[in-house]
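In what follows, residues are counted from 1 in the order of the sequence shown.
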Amino acid sequence: MTLRNIVSVDLGASSGRVMLGRYRPDDRQITLHEVTRFSNGLIPIDGHDCWDIEALERAIRQGLRQLDEQGITPDSIGIDAWGVDYLLLDAEGRRVGLPVAYRDGRTHGLMQQAQREIGAGRLYQRTGIQFLPFNTLYQLRAFSRRHPELVPHVAHALLIPDYLHYRLTGQLNWEYTNATTTQLLNIHSGEWDEELLAWAGAKAAWFGRPTVPGNTVGHWRTARGARVPVIAVATHDTASAVLATPLQDEHAAYLSSGTWSLMGFESRQPYTDAAALAANVTNEGGAEGRYRVLKNIMGLWLLQRVCDELNIADLCRLIEDAAAQPGCRSLIHPNAPRFINPPGMVREIQDACIEQGMPAPQTPAALARCIFDSLALLYRQVLDDLQSLRGQPFSRLHIVGGGSQNPLLNQLCANACGIPLSAGPTEASTLGNVGSQLIALEEVADVATFRRVLAANFPQQIFSPQPAGPLAEGWLRFQTLTPSTKELCL
């Protein structure tokens, strides 16, 4: 019986992992095996919040070496990661400048400047990308204005996965799904927008033509001398997660839940009209020519920061304790800019509650319940926006990713949104990464076939909506919180 060994490198803002996906074409059985898992986070360098990109590369190479030492030669390797962040290289492939992270404050005010100078409507019509203060467009503007002496040394600009592709293979690539997150890609031509690049202080020569998922960038050579193809999967982690979401029909929505929550639906056409701009909806690239029409929600970043600050390790116990707390006693607006990267998340949440005339949550359980209730209500608000945009209700919400393991948040989400919720698979971005490679290797025909394979191998947990209870009153209060839907993260 044939067996495919597929390596998925999946990088998130708080952790990364090298996973081995094993696929048997004869009976379409797919399994995941963790090779290594490692932490990721921001480090301070010269007054900026940066990624430890060298540590990430070392961890990836260590995982690949472990497989080689076990005598496993992969059929292919794929890398996915978060969007918008990039590395600049000179003509010899050396880094220029720092690996600054999107949560760094260097872009403060630049989004508003772009809206004034280019025009919000014009910018949205050209890119179809939502306004977020850390988009690559504004990061490059900050770089070129702060470090004009470095600009002449730049030869290439690579997003995180493509930089790591380069480090493994020595070959340059610009993968489409991640390129769309930059707010620099013209949605009509599929090419880099030279007017926007000029505003950012970047040169078109820094970028190559975007490639759709599935091309082989180059080869990584094992210690034993084997040449392993490195395939550019859907390298934006949400694009991979959506690829691995077992959507049942065209009326199903998805929620990729992790550090960020991404809620949306698939469409063959982008939404760039006035209503979409008013709702600040994004049209990111997906597999097989689909658009990921979605909205960014701050997500479990809030909980991660609280747990870090309070040294909470037992997340299951925290969720159980939160379930025993009264619902909707304290609420925040998770997408308020104040929560992007505050000095202290606990204090920021407490201050936000006090400012809104609500009691400040004092215990870990109360803080967690505040976050879960607030996220569930924001999920409803975003789902309402998306339903209004497409002119049709959704039949089901599929939640995937690490957050799909949170039964309390899942049930609150189902209750608030009033539709059935299917939870799983958990390792969606990893599985989508594997799926892209299997499609490229012609072991699976297409995305629809791969989703059927996943549904057969990874059972989902169903959450049916129950009476909303405190969420009904909470919904009325939530709608009065600032910022409004139209002002999210502006």
- request: Over all heavy atoms of both residues, which pair between Cys353 and Leu331 is shortest? Give the atoms and the distance, please.
  value: SG-O, 3.9 Å
- prompt: Any chance the rings of His333 and Phe478 have centres within less than 6.0 Å?
  reply: yes
query: Which heavy atom in Ala234 sits nearest to a heavy atom in Ser436, and how many Å separate them?
result: N-OG, 3.5 Å
query: Has the side chain of Ser240 got a donor or acceptor atom that lies under 3.5 Å from a matching backbone atom of Asp237?
result: no
message: If you compare all heavy atoms of Gly190 against all heavy atoms of Leu185, which two are closest, and at what distance to 0.1 Å?
response: O-CD1, 3.8 Å
- line: Closest heavy-atom pair, Asn415 versus Gln466, reported as atoms and distance to 0.1 Å, is OD1-N, 2.9 Å
task: Please report the closest heavy-atom contact between Trp82 and Gly12, naming both atoms and the distance.
output: CZ3-O, 3.6 Å
- request: Taking the six-membered ring for Trp and the full ring for Phe, Tyr or His, determine whether the centres of Trp192 and Tyr176 are under 6.0 Å apart.
  value: no
message: Check for me whether the distance between the ring centres of Phe265 and Tyr254 falls short of 6.0 Å.
response: no
- prompt: Do NZ/NE/NH1/NH2 and the carboxylate oxygens of Glu355 and Arg338 come within less than 4.0 Å?
  reply: yes
- prompt: Thinking salt bridges, do Arg103 and Asp49 make one under a 4.0 Å N-O criterion?
  reply: no
statement: Residues at least two apart in sequence or cross-chain that pass salt bridge (Lys or Arg N to Asp or Glu O under 4.0 Å) with Glu195, listed by chain then number, are Arg122, Arg126
field: Partner of Val9 by side chain to side chain contact (heavy atoms under 4.5 Å, CB included), out of Val233, Ile79, Asp80
entry: Ile79
query: Would you say the side-chain atoms of Arg451 pair up with the backbone N or O of Thr245, donor to acceptor, closer than 3.5 Å?
result: yes
task: Examine distances only and state if a side-chain atom of Gln411 and a backbone atom of Ser464 form a donor-acceptor pair shorter than 3.5 Å.
output: yes
- prompt: Looking only at heavy atoms, what is the nearest atom pair of Ala204 and Leu197, with distance?
  reply: CA-CD1, 3.8 Å
query: Is the backbone of Leu196 close enough, under 3.5 Å, to the side chain of Asn186 for a donor and an acceptor to pair up by distance?
result: no
